[in-house]
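Below is one structure, written out as structure tokens; comments come after it.
Lettering of chains follows the sequences in order, A, B, ..., and the numbering in each one begins at 1. Values in this document were obtained by computation on a predicted structure and should not be read as measured data.
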Protein chains: 2
Amino acid sequence: MERSLKEHFEQTLQEVSIDCAIFGFHAGELKILLLRWKGTDGWSLPGGRIYKEESTDDAANRILKERTGLTDIFLQQYYTFGNANRLTHLSKQDLMELLELALGKDYFHDKINRRVVSIGYFALVEFDQVQATADWYTDEFRWWEIPDVPKLLFDHNEMVVRALHALRQQIRNQPVGYNLLPEKFTMPELQRLYETILDKQFDRRNFQKLLVSYDILEKLDEKRTGGANKSPFLYRFNKSKYEKAMIDGVSFAM
Amino acid sequence: MERSLKEHFEQTLQEVSIDCAIFGFHAGELKILLLRWKGTDGWSLPGGRIYKEESTDDAANRILKERTGLTDIFLQQYYTFGNANRLTHLSKQDLMELLELALGKDYFHDKINRRVVSIGYFALVEFDQVQATADWYTDEFRWWEIPDVPKLLFDHNEMVVRALHALRQQIRNQPVGYNLLPEKFTMPELQRLYETILDKQFDRRNFQKLLVSYDILEKLDEKRTGGANKSPFLYRFNKSKYEKAMIDGVSFAM
DNA sequence: CCAAAAGTGTTCTACCTACACCCATGG
DNA sequence: CCATGGGTGTAGGTAGAACACTTTTGG
């Protein structure tokens, strides 16, 4: 293990890494996947290294697959974090102890002293499809609701803020939902997704009109039963129309 | 020179660099500053290295200052280029010859074999204020109109395209012009700036109404004489209101 | 039968768009 | 005096915002 890890490190870039903000939607809430570092209570975004022969986009997709099992996911670069001192709320002393616990003696000195620029990607995933797996230096993964995200290691809190901002920009110019919702969903579910991401309430009727006008949804002959109320229709995305709308752009002006 | 260059290299990151798309506005046209590599006809964007103790933003500002003499300029990261093989239109053979000519024997092998991720920044500068200076590996700088930009080295044509796209996005959500125009300018000049950036014509009266509505302009008691027509009023930006609008955002919906 | 939530259509308003006439300047 | 381009205001259209009543479902 240690040996292959060392070999892995030597085949990767030393000054550039990737950190992924992986967003999921569950129980009407937007959540983000965080990892807890081995034997510590320090949390961070899932991240990884870039092989020397690999593009950064490919590396981000690989890292996403390693952590969630998912491929063909909406994944987008949003910002590159290049502060010389990528701060943490911990003192240098505490950070060193934490890193030594999680990484072992061989790596923590390297990690704390090396100047690394991190390319931030964000992903939107279907919550129930995710088979999350911890990293070699972490022993727990967990979905956190955005307002509950704790103080994170390094500059990862800033990363979450910027990723969320990028997601909000995104949703105003491109349709969102294909990768965040199950195949079939109701209009109120889609609305709650938009409301959660944008932290804003919309009028039910206007929302429906606007989304239908994009011409990316197929209304199905099924309804979701179970609630003590009128059963809503199920919809699904028309994949080709959805992809066209991703390229051409839409205007979510609410 | 060679010695200090080597020392400079050793104090910088080896796997990350910065390339700047520097836009200026002159004679009613949007232009971009390009450099020609020594003794060759290969052109590229101005770029530079990042010192180990320096943030990427600081490095970008330093590089901008080195090439243009300007400080306190609108400068923004727009994308990080991380393809493993950052293509050029030249064959590897031709590229090697070109690099050897420009960089000298000591550096070209390094340059061609090293995997480097480049962080793209774009800047908006006041054309007449620029005192452009060539780099150590270039012997000519020149402003190019966007449609005339030739085939560039590496992936720099893609960089120009993405920078322009980012600039166009920018202008729809934030006011633009403070750094691209001289202190005093007329409404038609400002309009031509917008028209050039967005490659679109606007109605004179509607444009004026919209820009005035942002409440970032001061109308002066001076006019620009010299044209064979009615003298237009001069305006200038109210700096504090402009900066507030940069933060709060505006909507340029034309 | 009642509470909860979804289905549907119309009116109002505000902002963007289109448009015309007069005036100053230089040649 | 004429050509060029700038100064200004108004009317119309479109798309977003506001809004109510009826229907279905489970308890």
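Looking at which nucleotide of DNA chain D each of A:Leu210 and A:Gly226 is closest to, the 5′-most match is held by A:Leu210. Residue order along DNA chain C, read from the 5' end via each residue's closest nucleotide, puts A:Pro188 first among A:Pro188 and B:Ser251.
Residue B:Met254 is in sugar-phosphate contact alone, with no base atom involved, counting any heavy-atom pair closer than 4.0 Å across all strands shown. A:Lys223 comes within contact range of no nucleotide atom at all, as no heavy-atom separation falls under 4.0 Å.
Separating the CD atom of B:Glu195 from the C1' atom of D:dG5 is a distance of 14 Å, rounded to the nearest angstrom. For the pair B:Arg204 CZ and C:dC21 C1', the computed distance is 11 Å after rounding to whole Å. One interatomic measurement links the two molecules: OH of A:Tyr214 to C1' of D:dG16, which rounds to 12 Å at whole-angstrom precision. Look at CZ on B:Phe207: it is 14 Å from P on C:dC16, rounded to the nearest Å. A:Tyr235 places its OH atom 10 Å from the C1' atom of C:dA6, with the value rounded to the nearest Å. Computed from coordinates, the A:Leu234 CG to C:dA6 P distance equals 13 Å when rounded to whole Å. Per the geometry, CG belonging to B:Asn206 stands 15 Å off P belonging to D:dA11, to the nearest Å. What separates CG of A:Asp203 from C1' of C:dT8 is a distance of 12 Å, to the nearest Å.
Between B:Tyr194 and B:Phe207, the angle of the ring planes goes over 60°, which puts this pair in the perpendicular group of the 30/60° scheme. By the 30° and 60° cut-offs, the orientation of the rings of B:Phe122 relative to B:Phe23 is perpendicular.
Relative to the side chain of B:Lys230, the nucleotides C:dT17, D:dC21, C:dA24 differ in distance, and C:dA24 lies closest. With C:dT25, C:dA6, D:dG7 as the choices, the nucleotide that has an atom nearest any side-chain atom of B:Ser231 turns out to be C:dT25. Closest contact between the side chain of B:Lys209 and the listed nucleotides D:dT8, D:dT25, C:dA18 involves C:dA18. Relative to the side chain of B:Gln208, the nucleotides D:dG7, C:dC16, C:dG9 differ in distance, and D:dG7 lies closest. Out of D:dG5, D:dT8, C:dA5, the shortest distance to the side chain of B:Asn229 is found at D:dG5.
In the interface, the side chain of B:Arg205 is not paired with the base of D:dG7 through any donor and acceptor atom under 3.5 Å apart.
A side-chain donor-acceptor contact under 3.5 Å links A:Tyr121 and A:Asp57.
For the pair B:Arg162 and B:Tyr79, the cation-pi test (distance below 6.0 Å, angle within 45°) is passed.
With respect to the salt-bridge test (charged N to carboxylate O, under 4.0 angstrom), the residues A:Lys200 and A:Glu195 do not qualify.
At D:dT8, one or more side-chain N or O atoms of B:Lys219 fall inside 4.0 Å of OP1 or OP2 (strictly under the cut-off).
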